[in-house]
Number of protein chains: 2
Amino acid sequence: MSRREEILDAAERILSEEGIDRLSMRRLAEVVGVRAPSLYKHVADKAEVVAALQERGLRALAEALAAAPPRLAGLAGAYRDWALAHRDTYVVVTRMPLHRELLDPEVEAAALAPVMRAANGDHARARALWGAVHGLVDLELSGRFPADADIDAAWRAMVAAFEG
Amino acid sequence: MSRREEILDAAERILSEEGIDRLSMRRLAEVVGVRAPSLYKHVADKAEVVAALQERGLRALAEALAAAPPRLAGLAGAYRDWALAHRDTYVVVTRMPLHRELLDPEVEAAALAPVMRAANGDHARARALWGAVHGLVDLELSGRFPADADIDAAWRAMVAAFEG
DNA sequence: ACCTGAACACCGTTCAAGT
DNA sequence: ACCTGAACACCGTTCAAGT
């Protein structure tokens with residue numbers, strides 16, 4: 001395993017185990033067992049590390065969605081489940097600037113392919129659907145629903161609207 | 001005008017004019033004309049500054065939505081327009097941790113009241129709708145749609161789904 | 001080829017000291 | 001009551017120097 005892979009694996013571990021706030025170049029170096037400046041011999045900057053995490057996250061999300069039942073409710077459920085199980089990764093994938101020039105060009109489309117399929121190839125509808133599932137996940141992750149809110153019911157209402 | 005108000009006004013100005021990345025206690029102090037430690041005589045910490053910005057943002061959003069045509073398309077359009085016109089404020093309002101204990105308890109509900117009304121008082125439907133409009137805005141603000149995407153069409157598809 | 005310490009320009013925050 | 005400089009524990013990043 002190259003030093004570079006070692007660094008990216010460590011970054012992935014920090015992200016999922018310690019959270020995004022702890023993902024610093026200094027902490028990353030510490031986990032790898034080296035001083036922070038040494039990282040720059042193997043990655044250009046932190047943005048490159050983040051881009052790698054986004055790529056890995058998109059691949060994992062694509063896999064989870066591809067394995068879900070293709071019906072809308074199943075797909076929406078798989079999307080939500082994956083996001084809740086990988087909160088910090090989901091945030092990195094969707095909220096941080098996407099450096100597309102550092103990304104495998106196919107990986108973004110692959111993650112959205114199941115959504116595209118559920119919308120019968122209608123781009124506008126696929127984006128509306130993606131917005132809806134992403135929005136519900138994002139509000140939940142950001143703690144915008146009151147503690148006693150029935151979030152499952154909100155998901156059912158969303159699915160009903162798009163199936164209507 | 002109290003020093004505290006002066007500080008919060010300056011924070012609002014930095015947020016909208018220089019962006020969230022420049023909103024630091026040190027920059028804030030500089031704009032107010034004082035050293036950073038002095039701020040702590042007037043606000044407890046940065047979280048309190050952010051909470052004040054969230055409250056002001058929610059109030060402004062509530063106003064914009066209340067002034068919109070109550071039909072779904074008009075409401076969705078007003079939501080999107082406001083978010084795009086106040087990008088950094090929108091991000092602070094929706095993405096940063098919401099310190100509800102520092103917030104006027106009615107302001108959050110006030111912002112969502114028009115959405116609630118559009119859902120005929122159905123909480124689940126209102127949350128699905130909020131998720132959908134927020135999600136589309138968030139993906140657009142995060143640059144997740146390709147440059148040639150017809151985002152207007154995505155909004156129409158979303159409105160159609162919920163009106164269906 | 002790889003790693004290091006020192007440095008630079010930043011953060012949020014605390015605190016003793018001054019008025 | 002308010003403001004200050006100095007300090008602490010952090011950031012990302014650069015660079016000359018060592019092996």
Side-chain angles (χ1 to χ4, degrees), chain A residues 1-57 88-89 91-93 95-99 101-103, chain B residues 1-57 88-89 91-93 95-99 101-103:
Chain A
M1 183 168 57
S2 76
R3 198 90 224 219
R4 191 168 196 282
E5 288 173 89
E6 203 182 331
I7 289 167
L8 299 179
D9 287 353
E12 207 172 7
R13 227 163 47 239
I14 294 170
L15 181 62
S16 63
E17 288 171 20
E18 305 178 22
I20 191 175
D21 291 345
R22 295 275 296 163
L23 182 62
S24 71
M25 294 302 271
R26 281 172 153 99
R27 171 72 184 136
L28 182 50
E30 192 182 16
V31 169
V32 173
V34 92
R35 304 289 170 170
S38 305
L39 297 176
Y40 293 83
K41 288 287 157 187
H42 304 98
V43 295
D45 49 24
K46 190 178 180 180
E48 199 178 294
V49 175
V50 169
L53 294 179
Q54 288 174 324
E55 183 161 323
R56 289 171 180 220
D88 287 88
T89 302
V91 166
V92 165
V93 164
R95 300 225 265 232
M96 300 197 65
L98 201 56
H99 296 276
E101 72 282 7
L102 302 177
L103 234 58
Chain B
M1 185 167 55
S2 76
R3 199 89 225 220
R4 189 168 198 282
E5 286 174 272
E6 203 182 331
I7 290 168
L8 299 178
D9 287 355
E12 206 172 10
R13 226 161 51 239
I14 293 171
L15 181 62
S16 64
E17 287 170 22
E18 305 178 23
I20 190 175
D21 291 345
R22 295 275 295 163
L23 183 62
S24 70
M25 294 302 271
R26 281 172 153 97
R27 173 70 185 135
L28 182 50
E30 191 181 18
V31 169
V32 173
V34 92
R35 304 290 170 169
S38 304
L39 297 176
Y40 293 82
K41 288 287 157 187
H42 303 96
V43 295
D45 49 25
K46 191 178 179 181
E48 198 178 296
V49 175
V50 169
L53 295 179
Q54 288 174 325
E55 183 161 324
R56 288 169 180 223
D88 287 87
T89 301
V91 166
V92 165
V93 165
R95 299 225 267 231
M96 301 197 64
L98 201 57
H99 296 275
E101 73 281 7
L102 301 177
L103 234 59

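Just so you know, these numbers come straight off a predicted model, no measurement behind them. Residue numbers start from 1 in every chain, and the chains themselves are labelled A, B, ... in the order their sequence lines are given, proteins ahead of strands.
Contacts of residues 37-50 of chain A with DNA chain D (heavy atom under 4.0 Å): A/Pro37, A/Tyr40, A/Asp45, A/Lys46.
Protein atom CG of A/Asp21 is 14 Å distant from nucleotide atom P of D/dC10, rounded to whole Å. Computed from coordinates, the A/Arg26 CZ to C/dC10 P distance equals 15 Å when rounded to whole Å. Atom pair B/Arg35:CZ and D/dA7:P shows a separation of 16 Å (rounding to whole Å applied). Atom-to-atom, CD of B/Glu30 to C1' of D/dT4 comes out at 16 Å; the value is rounded to the nearest Å. The nearest whole Å value for the distance from the CD1 atom in A/Ile20 to the P atom in D/dG12 is 12 Å. Rounded to whole Å, the distance from CZ on B/Arg4 to C1' on D/dC2 is 16 Å. For the pair B/Leu28 CG and D/dC3 P, the computed distance is 13 Å after rounding to whole Å. Nucleotide C/dC2 holds its C1' atom 13 Å from the CD atom of A/Glu6, rounded to whole Å.
Electrostatic pairing of B/Arg22 and B/Glu17 does not count as a salt bridge here, judged by no charged N lying under 4.0 Å from a carboxylate O.
Look at B/Arg3 and you'll find a side-chain N or O under 4.0 angstrom from OP1 or OP2 of D/dC3.
Rounding to the nearest 0.5 angstrom, the gap separating the CG atom in B/Leu8 from the CD atom in B/Glu55 is 10.0 Å.
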TODO: Using the salt bridge (Lys or Arg N to Asp or Glu O under 4.0 Å) rule, take B/Glu18 and B/Arg27 through it: C-alpha gap first, then chi angles, then the decisive distance, then the call.
DONE: CA-CA 10 Å; B/Glu18 305 178 23; B/Arg27 173 70 185 135; 2.7 Å; yes

Open item on the list: What verdict does the salt bridge (Lys or Arg N to Asp or Glu O under 4.0 Å) test give for B/Arg4 and B/Glu48, after you've listed the backbone C-alpha separation in whole Å, the side-chain angles of each residue and the deciding distance to 0.1 Å?
Closed with: CA-CA 11 Å; B/Arg4 189 168 198 282; B/Glu48 198 178 296; 2.3 Å; yes

TODO: Begin with the C-alpha distance, continue with both residues' side-chain angles, and end with the deciding distance and a verdict on side-chain contact (heavy atoms from CB on, under 4.5 Å) for A/Glu12 and A/Ile7.
DONE: CA-CA 9 Å; A/Glu12 207 172 7; A/Ile7 289 167; over 6 Å; no

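Judged by distance alone, the side chain of A/Ser38 and the main-chain N or O of A/Val34 form no donor-acceptor pair under 3.5 Å. In this structure, the side chain of B/Gln54 engages the main chain of B/Pro97 through a donor-acceptor pair within 3.5 Å. Between the side chain of B/Asp88 and the main chain of B/Ser16, no donor-acceptor pair closer than 3.5 Å is present.
The heavy-atom pair separating B/Leu102 from B/Ala47 by the smallest distance is CD1-O, 4.3 Å.
Paired runs in DNA chain C that reach 3 or more consecutive Watson-Crick or G-U pairs, where each pair keeps both distances under 3.5 Å, cover C:4-8 with D:12-16, C:12-16 with D:4-8.
Here, D/dA9 and C/dA9 have their P atoms 22 Å apart, quoted to the whole Å.
Comparing A/Val34 and B/Arg27 along DNA chain C, the residue whose closest nucleotide (by nearest heavy atom) sits nearer the 5' end is A/Val34.
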